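Data block below; observations after.
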Amino acid sequence: MQPNISFIDEPQKLLNALPEIEAMPIWAVDTETTGLDPFESEVILLQVGSPLKQYIIDCRKVAVEPLRSILEGDKPKILHNAKFDYKMISHHFKINLENMVDTMLIEQVLMNGKMKSGFGLKDLAPRYLGIEVDKSERFSFLAHKGDFSLSQLEYAARDIISTYLLAMEQLPRLHKEALEDTARLECLTVSSFGDIELNGFYLDQRRWLTIVEEAKKKRDAARIALDQAFEAVHQKDLFGAVEINYDSDQQLKAALHRLELPVEDTSRNTLIKIKHPAIDRIFEYREQQKIVTTYGEAFLEWVKKYDGRLHPDFHQLGAESGRVSCTRPNLQNIPSDSDFRACFTAPPGRKLITADYSGCELRILAELSRDPTFIDTFRNNRDLHSIVATQMYHKPVSKKENKELRDKAKIINFGLAYGMGPGALAITLNATAKDAEALLKGYFKTFPKIKEYLENSAREALERGYSQTMGGRKRYFVVPKEDDRAARGAIERQAKNMPIQGTNADMIKLALVFVRREINHRQLDVKMVNTVHDEVVVESAEAQVDEVAAMVRDKMIEAGEYFLRTIPVDVECTIADHWSK
DNA sequence: GAGGCACGCGCC
DNA sequence: AAACGGCGCGTGCCTC
């Protein structure tokens, strides 16, 4: 399809074109920018249009304000990787795109599990449309000055043509696979993640460094202790003792062998079974080294100079379960230790609200399995782990009485959702395989509905070739041959877990949509700053923090109840100067 | 020197 | 006999 370009390089041209643009029922939208970071680059071109006509606006010469009502309005805007353009347009023009249709997310929803990469427009255009997209022109915008070449404009136009056509190819496929609801949810969630990334999360860097410095000292002490523990078996060369690099699992394993501790690997689970003074030193060293490396100075490099905040990159479909992942930096694996979380603070006059779904996955399992004890426990707001332990061991168990039995039940309860077998349970509980097997048997005898549900999940996935969440999200599997027991076992475990983890993902995404909507409707002085699977963190003006906390809680419950129809939803909310939990 | 893998470990 | 689901990151170590 040949471009039909209207190049708008004077404000009046935009006003002239406006009636034509407004008359379109649906637009593809794209931007060309000088870089990837909205804070450090400019928008050069904004393109809106369809395969019939493409309006390319020179943003250096023409204000895009007249397009506000279109971009923020109800009619659909098709974009590829919408979060990128959303952030650019929001940051530079204070216009927040609404009703986005993201062809990249849709493709990921359609192909979830069938394909790991290749979701760029340059991959999809040839596949769906038989059009080759030459992305090389994109780089010509990076340091662009002066007028645009024809090939630059044609490139800009072709991108919205192919994005538009791509969406038209995808929509019937979504219908055919019954994935419309999931696609809609994903598209609705884009602006929440766009906002979170633009908002950033304030970090108290001084406080953070204090922890790191402390860890360095402890690590160095642990290293000295380790040297002593291994002194007798240091390998020597001509120049004297050669240090063992304790960061190298190979070297550490070899050194342990020389201590006559013949371990197969050096993982925590392996080492924990060994009684030897060196082992605790290893654990101490690794714990501190982890802090120094993963959460050390390098982490602080991500703090932006202009606002002292971390602006991570969320991958909305980072996991095949539907979960979000996070990078640069990952704000979803910050140590839950309060020392670290307390470094994420609210600026003066503001507070942080940490809100999380309590027992989310187990509630979902209760809903899905219809197990009477699980249902009853949540309905009466009792402690599930204690109840489970009581039923399994026929002894009174609570958080105070026979707590060790509660701990075991807790491990099984969580492990279940991961398709845990006796082997893994034995390792986790540090028990014999026989004991673990007996425990699992007892568990499933007590909760036959759980067993039935999980096994059904596994069987269905192998029969149909996919698993499904309550929101209708699908994860496709390549089903191995009958005789490939190991591969089938792996898929069975994934299939047991996916509906649970994935429904949790559906739920938190819907919550993010609701919370954002309410913030905007009520015009609250609130920023969403992070989300971690079953948790939302928002930064609020202190004056209205109670109102906001109640709102966040309500919206999360509303989202939860969309999925959990028979099990109550519970949200725990903490208000503090810092990130809690 | 870059890129990719395995390992180990932080989170839910 | 047996691998507990989903991630990202730093390090070591190997290959090219």
Side-chain angles (χ1 to χ4, degrees), chain A residues 112-113 215 244-254 263-272 282-283 285-299 301-302 312-337 340-341 356-362 364-365 411-429 433 436-437 440 454 457-458 461 467 469 475 485-505 508 530-535 579 581:
Chain A
N112 188 23
I244 300 164
N245 183 348
Y246 303 110
D247 297 326
S248 160
D249 51 305
Q250 282 182 33
Q251 292 184 37
L252 182 60
K253 185 173 153 184
V263 290
E264 295 213 354
D265 59 77
T266 68
S267 67
R268 198 184 166 82
N269 273 342
T270 304
L271 298 187
I272 205 159
I282 295 173
F283 291 158
Y285 172 79
R286 281 183 177 167
E287 185 182 340
Q288 303 306 329
Q289 176 71 343
K290 176 77 175 176
I291 293 171
V292 174
T293 55
T294 303
Y295 305 105
E297 278 103 348
F299 187 91
E301 302 279 311
W302 294 109
D313 185 11
F314 285 91
H315 300 249
Q316 205 175 303
L317 288 168
E320 288 183 21
S321 60
R323 263 197 189 174
V324 174
S325 71
C326 182
T327 60
R328 303 162 66 89
N330 184 357
L331 290 189
Q332 299 191 134
N333 71 342
I334 304 299
S336 53
D337 180 67
F340 276 96
R341 302 245 164 157
D356 69 297
Y357 287 113
S358 80
C360 190
E361 292 201 345
L362 289 173
I364 291 167
L365 177 58
I411 289 171
I412 302 182
N413 277 335
F414 283 118
L416 269 182
Y418 305 154
M420 183 168 60
L425 183 63
I427 290 167
T428 319
L429 288 177
E437 202 164 333
L440 264 191
L454 290 172
S457 292
S467 286
T469 67
R475 176 182 178 176
R485 291 283 305 273
R488 287 176 82 89
I491 287 177
E492 282 172 352
R493 290 190 298 279
Q494 291 165 350
K496 286 174 183 175
N497 178 251
M498 194 272 175
I500 304 169
Q501 187 178 117
T503 300
N504 191 165
I508 197 78
N530 198 13
T531 175
V532 192
H533 309 306
D534 60 0
E535 172 184 355
W579 185 11
K581 213 187 200 178

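Remember, predicted model here, so these are calculated numbers, not experimental data. Note on naming: letters A, B, ... go to the chains in the order of the sequence lines (proteins, then strands), and numbering restarts at 1 for each one. Atoms considered below: every heavy atom in the structure, side chains included; atoms not considered: hydrogens, waters and symmetry mates.
At least one donor-acceptor pair closer than 3.5 Å links the side chain of A:N504 to the backbone N or O of A:H533.
Rounded to whole Å, the distance from CD on A:E492 to C1' on C:dG5 is 14 Å. Atom-to-atom, NZ of A:K496 to P of C:dG5 comes out at 11 Å; the value is rounded to the nearest Å. Atom CE of A:M420 is separated from atom C1' of C:dG5 by 11 Å (rounded to the nearest Å). When the P atom of B:dC9 is taken as reference, atom CZ of A:F340 falls 16 Å away, rounded to whole Å. B:dA6 atom P lies 15 Å from atom NZ of A:K253, rounded to whole Å. For A:R341 and B:dG10, the CZ to P distance is 13 Å, given to the nearest whole Å. At whole-Å resolution of the value, CG in A:L454 and C1' in C:dC4 are 12 Å apart. Atom pair A:R286:CZ and B:dC7:C1' shows a separation of 9 Å (rounding to whole Å applied).
Within the nucleic acid shown, A:L425 has no heavy atom closer than 4.0 Å to any nucleic acid atom. Contact annotation for A:T428: base contact, defined as any heavy-atom pair under 4.0 Å involving a base atom.
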Without placing hydrogens or testing angles, list every side-chain donor-acceptor pair under 3.5 Å for residues 312-319 of chain A, not counting sequence neighbours.
| from | atom 1 | to | atom 2 | distance (Å) |
| --- | --- | --- | --- | --- |
| A:D313 | OD1 | A:K83 | NZ | 2.9 |
| A:H315 | NE2 | A:T327 | OG1 | 3.3 |
| A:Q316 | NE2 | A:E186 | O | 2.7 |
| A:Q316 | NE2 | A:E186 | OE1 | 2.7 |

Item to complete: If a protein heavy atom is under 4.0 Å from the base, mark B; if only from the sugar-phosphate, S; if neither, -; do that for nucleotides 6-16 of chain C going 5' to 3'.
Response: BSBSSSSS---
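The environment of A:E437 atom CD is sparse: at most 12 non-hydrogen atoms of other residues, nucleotides or ligands sit within 6.0 angstrom.
For the pair A:R485 and C:dA2, the criterion of a side-chain N or O lying under 4.0 Å from OP1 or OP2 is not met.
Taking atom P in both B:dG10 and C:dA3, the straight-line distance is 22 Å, to the nearest Å.
Applying the salt bridge (charged side-chain N to carboxylate O under 4.0 Å, His left out) test to pairs two or more places apart or on separate chains, those with a residue in residues 314-324 of chain A are A:K116-A:E320, A:E320-A:R475, A:R323-A:E361. Listed by first and then second residue, the salt bridge (charged side-chain N to carboxylate O under 4.0 Å, His left out) pairs that reach into residues 285-299 of chain A are A:K216-A:E297, sequence neighbours excluded.
Partners of A:F340 under the ring pair (Phe, Tyr, Trp, His ring centres under 6.0 Å) rule, at least two apart in sequence or in another chain, are A:W208, A:Y295. Applying the side-chain hydrogen bond (donor to acceptor under 3.5 Å, both in side chains) criterion to A:T503, with sequence neighbours excluded, gives no partner residue.
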